Amino acid sequence: MSNDDTDLAAENQRLKKINAALISRVEAGHNESQAYDSFAHSVYLADQVRERTAALNTALSQLQQTNHELILAQQSAEQANQSKSKLMAAIGHDLMQPICATRLIAGALKEADSHSLSEPNIQKKLRAIDTAMVDMEDLLDSLLHFAKLESNNIEATVTIFDAASLLEQLAIESQYLAQEKGLDCRIHIPHCQLEGDIRLLTRVLRNLISNAIKFTDQGSILIGCRPRRDGLEIQIWDTGCGIEDQDLEAIFDEFTQLPNRTNGQGLGLGLANVKKLCRAMGTAIKVRSQVGKGSCFSLTVPYATRPAKTATSDLPYQHLKQCQIVVIDNDTSVRNALTDLISSWGAKVRSSATGLDLKPEIIQQADAFVLDYHLDKNTTGLDIFTRVISPNSHSPVLMITANRDEELANQLAASQHQLLYKPIRPAKLRSTLTSLVAHQAR
Amino acid sequence: MSTANIQTASSSHADPNLAVADIAQQIAVNDLALVLFFCSSEYPQQDLAAALAKYYPHTPVVGCTSAGELSPDGYHHHSITLIAFNDHNFTCASALVTDMANLTLASGQQLIDDLVHQIDQSCVAPVKENTFALTLLDGLSIQEEAFLKVLNASLGNIPLLGGSAGDDLHFQNTQVFYQGQFHSSAALILLINTRHQFHCFSQHHLLPMDDKLVVTHADAKRRRVYELNGLPASTEYARVCGIPESQLHNLNFAIYPLVVKVGQNIYARSVQKVHSDHSLSFYSAIEIGVVLTTAKTQDIVQQTQSWLAELQHHYGQPQLVLAFDCIFRLLEIDHQQWQPAMASILNQYQVAGFSTYGEQYQGSHLNHTLTGVYLGPVR
């Protein structure tokens, strides 16, 4: 054999040995009595422990994460709960006042014999009850708004509109309310195209204006504007009691009412709602105030970046435009106020103290009637309806009255006429009229 | 004199009496739960036992001989390092097993049950999660694997770690110390219960390479390998290391480690000795058909530093790192002249322990590792 052959044979021999060793190791399997197998078994177990530990640690950290999330959820639920509790407490407290007042007055009326009650006295008590009811209605209204804002994501629908048209509209409503308190309501608005969600903006401004009126006992309300670079700053000035510097942020919190700014009215939701609405519109509500002198709330609405299709086409309640409305009320100041108000919504208004002087064609052309129930000489709105309206028109009738007598309510309900109690709130009147006219049109 | 929960001191006096007296000056002798020491095998053992009895008459004293001592002052040779645990934050129970080969599952369980019971009577913290087990084994017993398997099974959730006694690389006389006497072919088991938070660990600095050595002829009982890859063992080992066979000595065993792969991990099988018949003795279990892989060492200083830093991050300021440090690590550190850097790490982390002939961790007998327990602040 050559050297190469010898080397190959040796190599072959060596590989056979390795092969045999490996085979014997594999075939021996796992033998715990062998020291090496004990070692291999131990480290294998330790490995498994490590893996299990790692898996457990992962599971643990996941659990911790879940726990953390649950805690956050719990906290948020608790916050919501607290908020709800606050709400319930506020409702309880604020609703209780008008209810108590109503019950006291009603009790007094029930106890008194007919001799001790003069007509003016009864009227006075009824007005007090009515005021209490209006307060309750306001409370429930702001609650409903709040609940709506809480449950929905508000989405702004941007349209183009004229600043003056919108604000003049609001000013007329405001003047009606301001006059009741003996306040002067002034307006200074330029014609200028703005861009934004007119519905949201209307709600905000109406809220701010009604606040201004509510918290001002004497002086005036001014609705003004200042052109700014990024838009028109709409300002609502009042000459009310003013707000301390440290309270300027708190007034926008839910259920917050400042001691000097509360007269037993409201839940403290109005400005919280305003803040939410402004955020939805992408603007911020600003306030500055001087205690004893008054406050100014303002927000800036961007100028229109494109021309409007028609300047006022986007105004709400356009159903009232070009409508013919007949107003019948024996109280001259109320009749004039109603006429101005309804005219400001674009309707054509004919008014009358008795209804008897209206020509039949006026009745025939009317889209709706606003009828006071108590007319002069013991005539009622229902009498006028029967005598003057029903022979000539099937248009809807809105009956208004300050009398909240149950029997009367039943009687009017039977007559299918819509009913509104005095004092009439402009927004309510407008929405009711709009709905009547829209219904009629369909 | 220090009155810390854990005190460490060392002395290099050759006279055992002077050495212990030196240490006793540094360490308070009262209110101790345990004294643990590691000493050079060169001390006359009866004299050392007498000196320990004299200075620590009321405290359990346990320990073993070593291949070098570690303390926060650095690495020592021919010295004694002593660690004292106070009885306010520690309690311990200990036992000696003189017949390691014959510890059965039943007798092992009985032994551990007794120790746990003792701890239960005097524990300073709930046994579960506040107790660890220490083993000090005769490093030349060749019984570690079977013994540890039984012990670990009996211990359940109590973590186990420890080291094999050394004798300054003479491979003649490794001993453990228990109840005033040195014992050979014996194992010492300690349960230590503590208020301190702690973490048991084992880490190595080896990286596997490509060469494979199959054990083709061996005497498993004596951990002696005659042939690797069908060739005389030392010849083949020297060949894959790329060094002359005549250069096979302790330092090169340390620098050219062999490992086995189990699952995803590697475990060193350290060479202990070259015999004239070209066979190799190992520090841990070996078997025909086992495949050894060559490995290289990585930066031991950097690795140790970052490992201990991580432990500190998790477990707080170190009060003591009880370390069972493979003798091969010390040989490499010496060879690379890394002692100053390592000594400062020992100081920074309050490391005390000894250079071992093998480390024990979770029931496995290991080589070439730093195994230990990191004691942080009191929980």
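If you're wondering where the values come from, they're calculated on a predicted model, not measured in any experiment. Quick note on labels: first sequence line is chain A, next is B, and so on, each numbered from 1.
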Check: Can you name the closest pair of heavy atoms from B:Val262 and A:Ala40 and give their distance?
Finding: CG1-O, 4.2 Å
Note to self: Looking at every non-hydrogen atom in both residues, tell me the closest pair between A:Ser42 and B:Gly363 and how far apart they are.
What the structure shows: OG-O, 2.9 Å
Check: Between B:Asn265, B:Val215, B:Asn152, which has the largest tally of heavy atom pairs under 4.5 Å with chain A?
Finding: B:Asn265
Next item on the list: Specify which of B:Thr216, B:Asn229, B:Leu228 makes the most heavy-atom pairs with chain A at under 4.5 Å.
Entry: B:Asn229
Would you find more than 12 non-hydrogen atoms of other residues, nucleotides or ligands less than 6.0 Å from [X] atom [atom1]?
X	atom1	value
B:Glu129	CD	no
A:Gln246	CD	yes
B:Tyr315	OH	yes
A:Asp230	CG	yes
B:Gln264	CD	no
B:Lys212	NZ	yes
A:Asn67	CG	yes

Check: Does anything in residues 138-151 of chain B get under 4.5 Å of chain A by heavy atoms, and if so which residues?
Finding: B:Glu145, B:Lys149
Notebook entry, point to check: Looking at CD1 of A:Ile18 and CG of B:Leu213, how far apart are the two atoms once the value is rounded to the nearest 0.5 Å?
Noted result: 9.0 Å
Next item on the list: Sort B:Ile286 into side chain, backbone, both or neither according to what part of it lies under 4.5 angstrom from a heavy atom of chain A.
Entry: backbone
Check: How about B:Val291 and A:Leu22: do any of their side-chain heavy atoms sit closer than 4.5 Å?
Finding: yes
Note to self: With heavy-atom distances below 4.5 Å as the criterion, would you say the side chains of A:Arg14 and B:Leu231 are in contact?
What the structure shows: yes
Check: Cation-pi between B:Arg269 and A:Tyr36: NZ/CZ under 6.0 Å from ring centre and within 45° of the ring axis?
Finding: no
